2 protein chains.
Amino acid sequence: MSDMHHAEPASAPPEQGLRERKKERTRRAIAGAALRLFAERGYEETTIADIAAAAEVSPRTFFSYFPSKEDVVFAEIDDRLAEVADRLAHRPADEPPLETIRHSVVAVLEAIVSEHGAYSAVQVGLILERPGLQARALQRMTDTQQTIEELLRELCPGLDEIDAVAASGIAVGGMQAVIVHCRRNGYEPRSMRVALDRALTIVENGLGSVEALRRTPDA
Amino acid sequence: MSDMHHAEPASAPPEQGLRERKKERTRRAIAGAALRLFAERGYEETTIADIAAAAEVSPRTFFSYFPSKEDVVFAEIDDRLAEVADRLAHRPADEPPLETIRHSVVAVLEAIVSEHGAYSAVQVGLILERPGLQARALQRMTDTQQTIEELLRELCPGLDEIDAVAASGIAVGGMQAVIVHCRRNGYEPRSMRVALDRALTIVENGLGSVEALRRTPDA
DNA sequence: TGCAATTTTGCATCTATTGCAATTCTGCAC
DNA sequence: GTGCAGAATTGCAATAGATGCAAAATTGCA
């Protein structure tokens with residue numbers, strides 16, 4: 001990192017060096033091996049040693065790629081969430097904030113339940129079962145909340161702090177609701193859309209817009 | 001503790017046997033010792049062995065009272081949340097659901113940040129720092145969400161599933177927001193009230209009720 | 001080719017967590 | 001009062017995740 005004669009072709013794709021490339025490959029190898037083993041034998045039945053062996057690295061190396069066994073489950077998801085966050089940061093500056101929020105929620109949800117990853121079903125299954133993984137997932141949720149909040153504050157410089165936090169919290173709450181709903185009723189894209197739309201409607205119009213919630217129950 | 005001629009006055013409070021009583025004392029001893037040590041030396045600096053010693057039980061016994069070291073931090077909070085859940089279940093049946101939701105959020109928040117417990121400040125501090133504990137806290141949050149959802153469905157038998165989940169998710173989102181806000185701006189009861197009210201207003205009226213969020217930012 | 005930075009690895013260690021079986025305690029019936 | 005059945009406590013051993021450290025292997029580049 002000394003001579004920048006011709007230097008890195010600072011083009012759009014960050015263009016990593018060969019070294020970074022290899023690290024990336026190793027990372028994928030570890031994550032891939034882990035997911036495969038989790039799918040085959042189960043989560044707690046798979047040890048770090050197993051994963052390391054399958055990925056052809058030493059057990060110690062595992063921890064220089066992932067801080068914990070739990071985090072490896074989120075390798076892909078985290079990548080996708082990072083992309084989403086990035087994409088959100090470059091949204092048309094003249095878009096109404098409400099619209100941006102809607103986009104955010106949709107994008108994040110898609111990132112989480114997307115069919116892309118070879119093991120997404122496995123991941124979702126694992127996460128939903130193990131309490132420890134659920135907790136990790138919730139952490140991602142709060143990260144998301146913070147991302148959305150920052151986005152909002154950038155879009156509306158004058159926005160009160162409490163309004164910003166509340167809005168992002170509520171949006172994420174709606175998102176969480178959709179996840180819970182899908183967890184129960186399955187993941188058919190069609191019904192997911194419907195649920196998502198309904199949740200977002202309530203997010204935007206408030207609980208007060210739900211007729212049944214206003215009325216006193218007639219015993 | 002011999003003469004119980006007239007036996008257990010099967011009064012309102014469940015009146016536990018002597019055995020249960022002792023267990024309860026031990027539980028408190030462990031939790032108390034743990035919190036004290038956490039406050040003194042820090043969380044990771046305190047081992048299960050330390051806690052057990054301070055509570056005068058064997059390390060092995062610790063785990064027959066708490067499933068994990070993390071859970072002991074929530075001993076008090078869990079008790080209070082249980083009370084709240086109980087109280088909520090016995091709400092006037094003719095109360096408008098929206099009102100019930102408002103009550104729920106307020107009650108849960110009070111349970112969490114109440115001044116009651118001798119160590120509540122310590123707990124909150126710990127929870128906010130350690131990621132692992134944050135995760136546990138979030139789990140409590142989803143438990144709360146479920147409690148609220150069940151409450152809602154009981155109050156509004158006809159309520160759509162998605163509406164119920166969304167409403168509870170959004171309510172909890174607002175709650176979470178208040179917590180985040182307080183975490184930043186301190187816990188003065190006054191400003192907390194204000195923030196809470198504002199958040200609840202947005203929960204009830206929707207993000208659309210926040211003027212700044214509707215307008216396209218003027219560059 | 002050889003150096004310097006970066007990675008990988010092996011090893012020791014700590015600690016949480018769990019299963020199991022022995023031991024002690026407690027409430028209660030006789 | 002005495003003894004028993006069930007419950008709680010304990011000790012012991014083993015597993016596995018996580019971390020620090022320093023030696024060894026790799027890699028990019030001059």
Side-chain angles (χ1 to χ4, degrees), chain A residues 1-9 15-31 33-34 37-38 41-74 126 130-133 135-136, chain B residues 1-5 7-8 15-31 33-34 37-38 41-74 126 130-133 135-136:
Chain A
M1 60 197 69
S2 35
D3 68 314
M4 281 301 202
H5 300 314
H6 43 333
E8 307 289 346
E15 245 354 307
Q16 306 146 329
L18 191 158
R19 218 158 194 162
E20 321 297 316
R21 210 181 298 267
K22 174 169 188 162
K23 282 202 88 168
E24 196 46 39
R25 234 180 306 135
T26 306
R27 172 180 223 77
R28 282 187 211 288
I30 294 177
L37 291 177
F38 291 161
R41 324 179 185 172
Y43 181 73
E44 19 267 321
E45 289 69 32
T46 304
T47 73
I48 300 283
D50 295 334
I51 299 172
E56 301 189 286
V57 295
S58 88
R60 190 67 187 75
T61 297
F62 175 94
F63 288 103
S64 63
Y65 280 89
F66 298 97
S68 80
K69 182 180 172 183
E70 286 174 344
D71 283 296
V72 76
V73 176
F74 294 91
L126 284 177
R130 325 284 150 176
L133 294 178
R136 296 289 184 157
Chain B
M1 61 198 70
S2 38
D3 69 309
M4 278 302 201
H5 303 312
E8 307 289 347
E15 251 345 317
Q16 307 145 328
L18 192 158
R19 217 158 196 164
E20 320 298 316
R21 210 182 299 267
K22 174 170 186 159
K23 283 202 86 169
E24 196 46 38
R25 235 181 305 137
T26 305
R27 171 182 223 78
R28 282 188 211 288
I30 294 177
L37 290 178
F38 290 162
R41 324 180 185 171
Y43 181 74
E44 20 267 321
E45 288 70 31
T46 304
T47 73
I48 299 284
D50 295 334
I51 299 172
E56 302 189 283
V57 295
S58 89
R60 191 66 187 76
T61 298
F62 175 94
F63 288 102
S64 64
Y65 280 89
F66 297 97
S68 80
K69 183 180 171 183
E70 287 174 344
D71 283 296
V72 77
V73 177
F74 294 92
L126 283 177
R130 324 284 150 176
L133 293 178
R136 296 288 184 159

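Not measured: the values here are computed from a predicted model. In the text below, chain A, chain B and the rest are named by the order of the sequence lines, each starting its count at 1.
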What is the distance from [atom1] of [X] to [atom2] of [N], rounded to the nearest Å?
| X | N | atom1 | atom2 | value |
| --- | --- | --- | --- | --- |
| A:Arg21 | D:dT27 | CZ | P | 15 Å |
| A:Phe66 | C:dT8 | CZ | P | 12 Å |
| A:Ile30 | C:dT8 | CD1 | C1' | 11 Å |
| A:Glu24 | C:dT7 | CD | C1' | 15 Å |
| A:Ile51 | C:dT9 | CD1 | P | 15 Å |

Show the distances under 3.5 angstrom between N or O atoms of the protein and N or O atoms of nucleotides 5-9 of chain D.
residue	atom	partner	partner atom	Å
D:dG6	N2	B:Arg19	NH2	2.7
D:dA7	O4'	B:Arg19	NH2	3.3
D:dA8	OP1	B:Lys23	NZ	3.4
D:dT9	OP1	B:Tyr65	OH	3.0
D:dT9	OP2	B:Tyr65	OH	3.3

Overall bend - the helix from C:dT1-D:dA30 to C:dC30-D:dG1, comparing terminal axes fitted on five pairs, nearest 10 degrees: 0°
Report the residues that fulfil side chain to side chain contact (heavy atoms under 4.5 Å, CB included) with [X], sequence neighbours left out, ordered by chain and then residue number.
| X | result |
| --- | --- |
| B:Ala49 | B:Thr47 |
| A:Arg60 | A:Ser58, A:Phe63 |
| A:Ala53 | none |
| B:Leu126 | B:Phe38, B:Tyr43, B:Val122, B:Arg130, B:Leu133 |

Non-neighbouring partners of A:Thr26 that pass side chain to side chain donor-acceptor pair (under 3.5 Å), sequence neighbours left out: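 Side chain to side chain donor-acceptor pair (under 3.5 Å) check on A:Thr26 returns nothing, list empty.
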Pairing residues for B:Arg28 by the salt bridge (charged side-chain N to carboxylate O under 4.0 Å, His left out) criterion, not counting sequence neighbours: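 For B:Arg28, the residues satisfying salt bridge (charged side-chain N to carboxylate O under 4.0 Å, His left out) (neighbours in sequence not counted) are B:Glu24.
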Any A:Arg136 side-chain heavy atom under 4.5 Å of A:Asp71 side chain: yes
With sequence neighbours excluded, residues passing ring-ring contact (aromatic ring centres under 6.0 Å, His included) with A:Phe74: none
Counterpart residues, ring-ring contact (aromatic ring centres under 6.0 Å, His included), relative to B:Tyr65 (two or more places apart): none
Restricting both atoms to N or O, compile the protein contacts to nucleotides 15-18 of chain C shorter than 3.5 Å, with distance only.
residue	atom	partner	partner atom	Å
C:dA16	OP1	B:Lys69	NZ	3.1
C:dA16	OP2	B:Ile48	N	3.1
C:dT17	OP2	B:Lys69	N	2.9

Sequence neighbours excluded, every pair satisfying salt bridge (Lys or Arg N to Asp or Glu O under 4.0 Å) that has a member inside residues 45-55 of chain B: B:Arg41-B:Asp50
Short side-chain to backbone donor-acceptor contact, A:Thr61 and A:Val57, under 3.5 Å: no
